[in-house]
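Here's the structure we're looking at; comments come further down.
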Amino acid sequence: MEKKPHIVIFNPDQWRGDVLGHVGNAAAITPVLDRLVETEAISFRSAFCQNPVCTPSRCSFMSGWYPHVRGHRTMFHMMQPDEPVLLRTLKEQGYSVWWGGKNDLVPAENGYDAYCDIKYKPEKQPRPETNLHGYDQWRGEPEGDNYYSFYAGKLEKDPTEEAYYDNDWANVLGAIDFIKNAPEDQPICLYLPLLYPHPPYGVEEPWFSKIDREKLPPRIPAPDNWDGKPSLLKGIYDRQNLQTWTEERWDELRATYYGMCSRVDHQFGLLLHALKEAGIYDDTAVFFFSDHGDFTGDYGIVEKTQNTFEDTLTRVPFVIKPPKHIPVIPRVSDALVELIDFPATVEALLDLKPEHTHFGRSLLPLLAGDTDEHRDAVFCEGGRIHGEIHCMEKDSVAQTTPSGLYWPRVGLQQSEEAEHTKAVMCRTKTHKYVRRLYESDELYDLQSDPGETVNRINDPAFAGILAELKDRLLTFYQETADVVPHKTNHRF
């Protein structure tokens with residue numbers, strides 16, 4: 001390949017895979033993504049992450065490894081210097097790599113020089129109150145029903161600002177400036193790991209009012225009893241204390257989240273426009289995907305968990321616009337794909353042979369329309385075994401402090417009971433099986449029960465399907481249990 005394509009990795013945080021207009025959600029306002037899929041991109045309706053929280057997912061999609069391969073199962077076990085990261089590979093291939101946004105990938109104490117040429121820091125710093133994690137006046141009283149809801153609502157921009165200038169806006173504008181001044185003698189890789197629509201749920205106008213509350217799809221209700229569901233969900237449900245919320249309040253929270261997604265869609269459009277203005281759009285491969293989803297009121301809870309695998313958490317948006325010379329049939333594909341297929345697709349675009357064993361598969365044949373079959377099953381995993389004290393995420397301030405936003409979830413992870421069970425999901429197009437170490441396994445018929453509300457694990461009618469999924473899970477672990485370094489050692 002004479003000319004390497006430019007690469008844009010647009011990576012919003014915690015965006016559910018069903019909040020997209022072009023997949024049939026009437027409440028979702030995502031015109032930029034919708035137009036792109038109509039004209040020159042493919043969107044995967046059934047794309048799944050490999051862990052439902054930030055760091056393990058990012059370690060996975062930047063390496064092509066499942067979390068169990070090297071134990072990247074917590075928020076505080078990141079990619080080490082001897083481990084493969086796609087950004088470093090691209091930098092070594094001559095790319096000018098620009099990284100603007102959150103980390104959750106490599107140890108901060110090691111620095112970023114090996115992974116990018118620029119780790120962007122905006123000259124104009126956002127106002128402190130735009131950080132809703134730290135500036136949490138929007139929270140209610142500790143004993144109230146808004147203390148752990150993550151609901152901030154409508155945000156007010158400063159009268160002197162054109163937009164609600166927070167870190168996402170700062171990084172998007174920085175990326176646009178980089179595109180305008182990109183080196184002419186190098187291909188560029190632009191990595192934008194944004195914060196939105198990660199809660200707290202808050203957004204400014206016009207996005208706050210854009211969402212038609214009447215068009216929101218029905219919420220998956222909390223179970224009348226939690227039989228067959230993982231104990232972590234029931235523990236979070238009890239601790240978040242949202243049982244008194246009316247559907248009207250839930251609709252406001254969900255509409256705010258949808259508005260956050262709409263804002264990101266708008267920012268994505270600004271970036272695409274900048275690529276066109278710079279004359280490099282046709283030469284650019286654009287990847288748009290999230291690291292995991294969000295409950296957003298489903299099951300009566302908010303935020304996410306580390307070791308449950310409902311589709312609301314594990315299914316994510318995944319849209320690819322290839323450079324113009326790569327064939328693509330624009331559409332929404334029903335193929336089962338995983339985020340570890342992302343680095344494999346980049347490697348295929350560059351005709352690059354990886355120097356490590358990984359488990360991703362190139363999506364280029366699906367882009368071309370040669371097939372809509374890719375995987376027979378997808379996998380997601382998390383949790384820990386008893387005794388793994390170092391996996392309790394004791395580094396988190398919310399571990400033992402009930403005032404922490406994440407205490408309902410993270411506080412449960414210090415228990416040696418069943419809540420932090422090590423678990424793995426095997427999902428086909430029709431069924432989902434979850435194997436758990438310390439409590440009941442789960443089995444769902446996704447055709448009759450897409451909300452995963454009835455655990456069929458002990459239903460004799462599903463014994464055959466259960467046996468098939470257990471065998472598929474065994475094959476998965478046998479195929480991916482380890483990786484052997486490509487470089488051999490001298491024995492003598």
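Salt bridge absent: Glu40 and Arg35 never bring a charged side-chain N and a carboxylate O closer than 4.0 Å. Ionic pairing of Lys432 and Glu452 is present here: one or more N-O contacts between side-chain nitrogen and carboxylate oxygen are shorter than 4.0 angstrom. Contact check on Lys3 versus Asp283 returns a salt bridge, with a Lys/Arg side-chain nitrogen under 4.0 Å from an Asp/Glu carboxylate oxygen. Using a 4.0 Å cut-off between a side-chain N of Lys or Arg and a carboxylate O of Asp or Glu, Lys276 and Asp282 do not qualify as a salt bridge. With salt bridges taken as basic N to acidic carboxylate O contacts below 4.0 Å, one links Arg254 and Asp251. Salt bridge annotation for Asp18-Arg45: absent, with no cationic side-chain nitrogen under 4.0 angstrom from a carboxylate oxygen. Ion pairing of Arg16 with Asp298 is present here, as a side-chain N (NZ or NE/NH1/NH2) and a carboxylate O approach within less than 4.0 Å. Salt-bridge annotation for Asp449 and Arg456: absent, with no side-chain N of the basic residue lying under 4.0 Å from a carboxylate O of the acidic one. Salt-bridge formation is detected for the pair Arg427/Asp311: a Lys NZ or Arg NE/NH1/NH2 atom is positioned less than 4.0 Å from an Asp or Glu carboxylate oxygen.
Counting only distance, with no hydrogens or angles, the side chain of Ser262 and the backbone of Tyr258 share no donor-acceptor pair below 3.5 Å. Asn307 places no side-chain N or O within donor-acceptor distance of the main-chain N or O of Lys422, the cut-off being under 3.5 Å. Checked by atom type and distance alone, the side chain of Glu92 never pairs as donor or acceptor with a backbone atom of Thr89 at under 3.5 Å. A donor-acceptor pair is defined here as one N or O able to donate and one able to accept, closer than 3.5 Å; such a pair exists between the side chain of Thr284 and the backbone of Ile280. With Arg73 contributing its side chain and Gly383 its backbone, the two residues share a donor-acceptor pair below 3.5 Å. With hydrogens and angles disregarded, a donor-acceptor distance shorter than 3.5 Å links the side chain of His356 to the backbone of Ser63.
Under the 6.0 Å cut-off for aromatic ring centres, Tyr112 and Trp99 qualify, their centroids lying closer than that. A centroid separation of less than 6.0 Å is found between the aromatic rings of His68 and Tyr477. The six-membered or imidazole ring of Phe476 lies near that of Tyr66, with a centre-to-centre distance under 6.0 Å. For Tyr237 and Tyr299, the ring centers sit 6.0 Å or farther from each other. Between Tyr406 and Phe150, the distance separating the two ring centers is shorter than 6.0 angstrom.
Under a cutoff of 6.0 Å and an axis angle of 45°, Arg213 and Phe208 form a cation-pi pair. A cation-pi geometry, defined here as NZ or CZ lying under 6.0 Å from the six-membered ring centre and within 45° of its normal, holds between Lys321 and Tyr281.
Aromatic ring pairs are classed by plane angle as parallel below 30°, tilted from 30° to 60° and perpendicular above 60°; the pair Trp98 and Phe178 is parallel.
Tyr120 and Asp177 form no side-chain donor-acceptor contact under 3.5 Å, judged by distance and modelled atom types alone. Counted by atom type alone, Thr30 and Asp34 present one or more donor-acceptor pairs between their side chains at under 3.5 Å.
Nearest approach of Ile340 to Gln50, heavy atoms of both residues: N-OE1, 3.3 Å.
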(request) Tell me, with the steps shown, if His486 and Thr357 meet side chain to side chain contact (heavy atoms under 4.5 Å, CB included). (result) CA-CA 8 Å; His486 286 201; Thr357 297; 3.1 Å; yes
Going by atom type alone, with no hydrogens or angles, which donor-acceptor pairs under 3.5 Å involve a side-chain atom of residues 190-198 and a protein atom two or more places apart or on another chain?
| from | atom 1 | to | atom 2 | distance (Å) |
| --- | --- | --- | --- | --- |
| Tyr196 | OH | Gly202 | O | 2.8 |
| His198 | NE2 | Gln14 | OE1 | 3.4 |
| His198 | NE2 | Lys304 | NZ | 3.1 |

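Applying the side-chain contact (heavy atoms from CB on, under 4.5 Å) test to His273 and every residue at least two apart in sequence or in another chain returns Glu277. In this structure, the ring-ring contact (aromatic ring centres under 6.0 Å, His included) partners of Phe288, at least two apart in sequence or on a different chain, are Phe10, Trp15, Phe268.
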